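Written out below as structure tokens is the structure these notes cover.
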Amino acid sequence: MSGTSMTTRAWFLMLPLLVVMVAVIGWPLVDTVGLSFTDAKLVGTGGNFVGIDNYAKMLANSNFQRTLITTAWFAIVSVAAEMVLGVLAALLLNQEFKGRGVLRALMILPWALPTVVNATLWRLIYNPEYGALNAALTQLGLIDAYRSWLGEPGTALTALIVADCWKNFPLVALIALAALQAVPRDITAASLVDGAGPFKRFRFVILPYLVGPLMVALVLRTIEAFKVFDIIWVMTRGGPANSTRTLSILVYQEAFSFQRAGSGASLALIVTLLVTVLAAAYAALVRKTAGSAT
Amino acid sequence: MERKSPLFTCFIYVCAILLAVVILAPIAWLFIMSISPAADLAAKPLRWWPQTADFSRYWVLLSTLENSEGAAFTSSLRNSIEVAGMATIAAIALAIPAGWAVSRTPSVGWSLSMVIATYMLPPVALAVPLYMSLAYLGLLNNVFGLALVYLTILAPFTTWLMKSGFDSIPKEIEAAAMIDGAGLFQTLKIITLPLAMPVMATSALFAFLLAWDEFFYALLFTSDQRAKTLTVAIADLAGGRVSDYGLIATAGVLAALPPVLIGLVMQRALISGLTSGGVKG
């Protein structure tokens, strides 16, 4: 079959997917762009063209700026902690010990637990009156009185990050473990003969094998952390005093709670742009490290 | 091999036990809460181990008496199964021809890259127009409408998985069948699809788990028992005025059961699916 007719056939076979994607993603995205230049309400018709007013107001809004910082903090701290804990757990699971297979199987559990169930579970653990964390810390003598972990602006975001890390570090561990198992045995053996200590061995022998897969995990986790909604909505709804409000929560409030579709759309596109820039920067970084690691 | 001092071995076991406790303790506590009598959960100091195992909450939630907590739970369970099932079937049906086409015709691959790049879009960027369209079509608070919206998440993902699956089936087998006189669709039906069965099953399970887990769109687009999914029902319970925390925990255990069982049984396939992008990348 000739090249052109194969291409035609390929497009024909892709048509159903592309039609659906344009209908549920492409067109809504274009519509969001259109809405972002209007003062449209969620219900009712139309709305007037207001130019870049929505964007200008949003970027100058102190709520937006504070939310951006909260989101960045959540993403940076939780992803960094997940990477470190994940690699440490993978290094452990790469050792030989009894019960290793069972422990590796257990790592799938937090990943498989639905996000909303995870959020609910931790909300119960942090409960100010009956929660397990308060009970455990009191019984161990570490705190005198029960605290409202999710009710105080000083601790709520950290409590959320812990819950998010617990669910996501095992996935990083499994990805890192798969990469570790691809390190040829004779290379580690040779480095031992050459007298490399454990830290040098990790840095120069093992890390090059980990960098590629970890960068991919880092990119995906950062994008997800930046878009975070579920766990925060279920645990705190952005409170107390908006201390855990992330960008997705702010868009939800603007577009759906206050029904300001136009300004909500402009905010959603700002978030999209931030994520895209982040992903592009990362992609460049991945290409660079992949080039230097080999 | 590495030298192994007894001290090092000891250190490894201590770390392994620590990791096991970190992973298991929250999950175990969720289950213990679900079978502890309400008085035990409200006791100070907290009773970590129930005096008697009380499984009655499971029957409460799974009963279908009208206007009971069970009715709300079972209807959301049914909705979740329906929405996730429909969206999965539709996503696989779209993914098979598209994945095969991209696998065999690399020149159209850029279109799949574009589809996959939509992963970066935050759902909030699509939510307002989707809400307005569903309202216009009368599909708000409707399982079909929600399943349709879930294709935004599921279809790119299944197409990508199916494409890598087809990549591992040699073209030559198909070419041989065609030389023997089989048409394209016959070849796909007799040769390729049976070989792609395992990857199709993995993709379907992944897609089902994604849909089962989804919360944001379900929260926005459903409002009562006709379409509310399990994740929304659980968030309602957690944020509502339920005084028995054990009941919330029970709902969590029931919602977690299918994905956890799938995760444990399908471990090998899931891990290779999760890591394939990473390790090759």
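In what follows, every chain begins at residue 1, and chains take the letters A, B, ... in the order their sequences are listed. Everything numeric in this text was worked out from a predicted model, so none of it was measured.
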### Task
Pick whichever of Leu184(B), Val232(B), Val102(B) has the most heavy-atom pairs under 4.5 Å with chain A.
Leu184(B)
### Query
Thr9(B), Ile23(B), Val128(B), Val22(B): which one forms the most heavy-atom pairs within less than 4.5 Å of chain A?
Ile23(B)
### Interface moiety of Val124(B) toward chain A, non-hydrogen atoms closer than 4.5 Å
both
### Query
Which bit of Tyr131(B) comes within less than 4.5 Å of chain A, counting heavy atoms only: side chain, backbone, both or neither?
side chain
### Query
Among Leu220(B), Leu130(B), Val149(B), Thr159(B), which residue forms the greatest number of heavy-atom pairs with chain A at distances under 4.5 Å?
Leu220(B)
### Region of Leu237(B) in contact with chain A, defined by heavy-atom distances below 4.5 Å
neither
### Query
Checking heavy atoms, do the side chain of Met114(B), its backbone, both or neither come under 4.5 Å from chain A?
neither
### Message
What part of Leu219(B) gets within 4.5 angstrom of chain A, counting heavy atoms only: side chain, backbone, both, or neither?
### Response
side chain
### Query
With respect to chain A, which residue among Ala125(B), Ala255(B), Gly263(B) yields the maximal number of heavy-atom pairs within a distance under 4.5 Å?
Ala125(B)
#### Entry: Contact origin within Thr231(B) toward chain A - heavy atom pairs under 4.5 Å
both
### Donor + acceptor pair across side chains of Tyr13(B), Gln95(A) (<3.5 Å)
no
### Task
Answer with side chain, backbone, both or neither: which region of Met132(B) has an atom nearer than 4.5 Å to a non-hydrogen atom of chain A?
side chain
#### Entry: Region of Ala127(B) in contact with chain A, defined by heavy-atom distances below 4.5 Å
both
#### Entry: Test applied, side-chain contact (heavy atoms from CB on, under 4.5 Å); reference residue, Leu121(B); option that passes from Ile223(A), Val271(A), Thr272(A), Val275(A)
Thr272(A)
### Task
Could you tell me which portion of Leu24(B) (side chain, backbone, both or neither) has an atom closer than 4.5 angstrom to a non-hydrogen atom of chain A?
side chain
